[in-house]
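What follows is one structure encoded as structure tokens, with my remarks underneath.
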Amino acid sequence: MIQTITITGIKDFEADHIFECGQCFRWNVEDGKYVGVAGGYVARVSYEDGILTLETTGGDEKFWSHYFDLETDYSAIKSDIISKEPKIEKACNEGYGIRILNQDKFETLISFIVSQNNNIPRIKKCIESICEHYGEYLGEVFGKKRYAFPTVDALADASICDLADLKLGYRCEYIVASAQQYRKEGAPTTYDQILSYHGIGPKVANCILLFGLHRVDAFPIDTWVKHIMNDMYGFSEKDVKGMAAFATEKYGQYAGYAQQYLFHYYRNVKFT
DNA sequence: CGGCAGGCGGTTA
DNA sequence: TAACCGCCTGCC
């Protein structure tokens, strides 16, 4: 059963920008609108003239409002980072509707383990496969079978051999070990704690900080960001430390937002 | 066929 | 602590 939620007076929202800036893997265009699963609910999203419309199997306005980070003033954020770094203005204008979602911590942690040394279409495929095999079946919604992201227990108790059938490669053991650590310790709260997971290094840890824990000062440096920092500022692509220090100094507490605008710009506009 | 894709762990010097 | 190397898999 589908309910419709409409939220009005929303600025700085563009589904394309939100879902194509590298933060999530379970939202895809179906018949012209984005459909995805979050918090165990299926939703179809549309936005026009300040009105956000969600056709969903569950979750109240409060849940979705928080998920889409609607309480945050992105115009103010853009002004702030542009004032600190005018060179970012074009990227902010191109990706004007970006928002950093408030995603589930465990889902984010596992998803970014899957992302390592991998490309986006295959990451999405792998995660859907994990959901189909280990997640709760949510029914047929908008013409497709839908599945929730698995619980911590479901993945902690999964066998590495069975996961291997999902073509996850060497990431299988990371996934099971991480789910077990998460079950034992609870959700991580610091960078060092995230880094202590087997199979999580600096890049993935920063993604989990930013996208899972909403630590908007985190600045994940992947190969794209390396290209960007090289192109914009002349950094050697090996100088990850230099880039990280520069980002903190240049963008400060909003480095994560800056990363998203730049990533989106280079990924979807400049290099296409 | 080698190279690479939103890296990481392990081993070397 | 920096520089390599191998790695599951799929697609050029």
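Just so it is clear: chains get the letters A, B, ... in the order the sequence lines come, proteins before strands, and each one is counted from 1. Please read these numbers as outputs of a predicted model, since none were measured by experiment.
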Just to verify, what does A:Ala177 make a side-chain contact (heavy atoms from CB on, under 4.5 Å) with, not counting sequence neighbours?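 Listed in chain order: nothing, the list is empty.
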side-chain contact (heavy atoms from CB on, under 4.5 Å) partners for A:Glu94, two or more places apart: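 By the side-chain contact (heavy atoms from CB on, under 4.5 Å) rule, A:Glu94 matches A:Lys90, A:Tyr265, A:Val269.
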Salt bridge (Lys or Arg N to Asp or Glu O under 4.0 Å) involving [X] - partner list, sequence neighbours excluded:
{"X": "A:Asp217", "answer": "A:Arg215"}
{"X": "A:Glu61", "answer": "none"}
{"X": "A:Lys84", "answer": "A:Asp80"}
{"X": "A:Lys167", "answer": "none"}

Residues, nucleotides or ligands: over 12 heavy atoms within 6.0 Å of [X] [atom1]:
{"X": "A:Glu48", "atom1": "CD", "value": "no"}
{"X": "A:Lys144", "atom1": "NZ", "value": "no"}
{"X": "A:Glu249", "atom1": "CD", "value": "no"}

Identify whether any heavy atom of A:Lys167 sits under 4.0 Å from a base atom; if not, whether one sits that close to sugar-phosphate; answer base, sugar-phosphate or nothing.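 It contacts sugar-phosphate atoms only.
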Give one of base, sugar-phosphate or nothing for A:Pro202, where a contact means two heavy atoms less than 4.0 Å apart.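 Sugar-phosphate: the residue A:Pro202, judged by heavy atoms under 4.0 Å, touches backbone atoms but no base.
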Separation of [X] atom [atom1] from [N] atom [atom2], in whole Å?
{"X": "A:Lys226", "N": "B:dA5", "atom1": "NZ", "atom2": "P", "result": "11 Å"}
{"X": "A:Phe25", "N": "B:dA5", "atom1": "CZ", "atom2": "C1'", "result": "12 Å"}
{"X": "A:Ile221", "N": "B:dC8", "atom1": "CD1", "atom2": "P", "result": "11 Å"}
{"X": "A:His264", "N": "B:dG6", "atom1": "NE2", "atom2": "C1'", "result": "15 Å"}

Please determine whether side chain to side chain donor-acceptor pair (under 3.5 Å) holds for the pair A:Tyr261 and A:Asn93, giving the CA-CA distance in whole Å, both sets of side-chain angles, and the decisive distance to 0.1 Å. CA-CA 9 Å; A:Tyr261 290 114; A:Asn93 291 338; over 6 Å; no
Give every donor-acceptor pair under 3.5 Å between a side-chain atom in residues 147-156 of chain A and any protein atom, sequence neighbours left out.
from	atom 1	to	atom 2	distance (Å)
A:Thr151	OG1	A:Ala154	N	3.1
A:Asp153	OD1	A:Arg183	NH1	3.0

Taking DNA chain B as the partner, which of residues 168-200 of chain A come within under 4.0 angstrom of it by heavy atom?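 Within this stretch, A:Tyr170, A:Tyr174, A:Tyr197, A:His198, A:Gly199, A:Ile200 sit under 4.0 Å of the strand.
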Side-chain H-bond candidate by donor/acceptor type, A:Asp239 with A:Ser236, under 3.5 Å: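 No, A:Ser236 and A:Asp239 have no side-chain donor paired with an acceptor closer than 3.5 Å.
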Only one of A:Tyr257, A:Phe13, A:Tyr96 clears ring-ring contact (aromatic ring centres under 6.0 Å, His included) with A:Tyr74; which?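 Of the listed options, the one satisfying the test is A:Tyr257.
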DNA chain B base-pair string [pairs: Watson-Crick or G-U under 3.5 Å; |: paired with another strand]: .||||.|||||||
For [N] versus [M], give the span between their [atom1] atoms, rounded off to a whole number of Å.
{"N": "C:dC4", "M": "B:dC4", "atom1": "P", "answer": "15 Å"}
{"N": "C:dA3", "M": "B:dG6", "atom1": "C1'", "answer": "22 Å"}
{"N": "B:dG9", "M": "C:dG10", "atom1": "C1'", "answer": "23 Å"}
{"N": "B:dC1", "M": "C:dC7", "atom1": "P", "answer": "15 Å"}
{"N": "B:dC8", "M": "C:dC11", "atom1": "P", "answer": "24 Å"}
{"N": "C:dC5", "M": "B:dG2", "atom1": "P", "answer": "16 Å"}

In terms of hydrophobic clustering (I, L, V, M, F, W, Y; side-chain heavy atoms under 4.5 Å; direct or indirect links), are A:Tyr137 and A:Tyr41 co-clustered?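 Different clusters.
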Could you walk me through whether A:Glu185 and A:Ser196 pass the side chain to side chain donor-acceptor pair (under 3.5 Å) test, one step at a time? CA-CA 11 Å; A:Glu185 299 178 355; A:Ser196 77; 4.9 Å; no
For DNA chain C, which nucleotides open and close the run of contacts to chain A, 5' to 3', at under 4.0 angstrom from a non-hydrogen atom?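 Footprint of chain A along DNA chain C, 5' to 3': C:dC7 to C:dG10.
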Tell me whether A:Glu237 is salt-bridged to A:Lys226, with the criterion being a basic N under 4.0 Å from an acidic carboxylate O.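 Looking at A:Glu237 and A:Lys226, the cut-off is not met.
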For nucleotides 11-13 of chain B, which of its nitrogen or oxygen atoms have a protein nitrogen or oxygen under 3.5 Å away, and what is each distance?
none

Do any of residues 97-134 of chain A sit with a heavy atom less than 4.0 Å from DNA chain C, and if so which?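 Going residue by residue through residues 97-134 of chain A, the ones with a heavy atom under 4.0 Å of DNA chain C turn out to be A:Asn117, A:Arg122.
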On the 0 to 90° scale, with breaks at 30° and 60°, tag the A:Phe63-A:Tyr67 ring pair as parallel, tilted or perpendicular.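 A:Phe63 vs A:Tyr67 ring planes: parallel.
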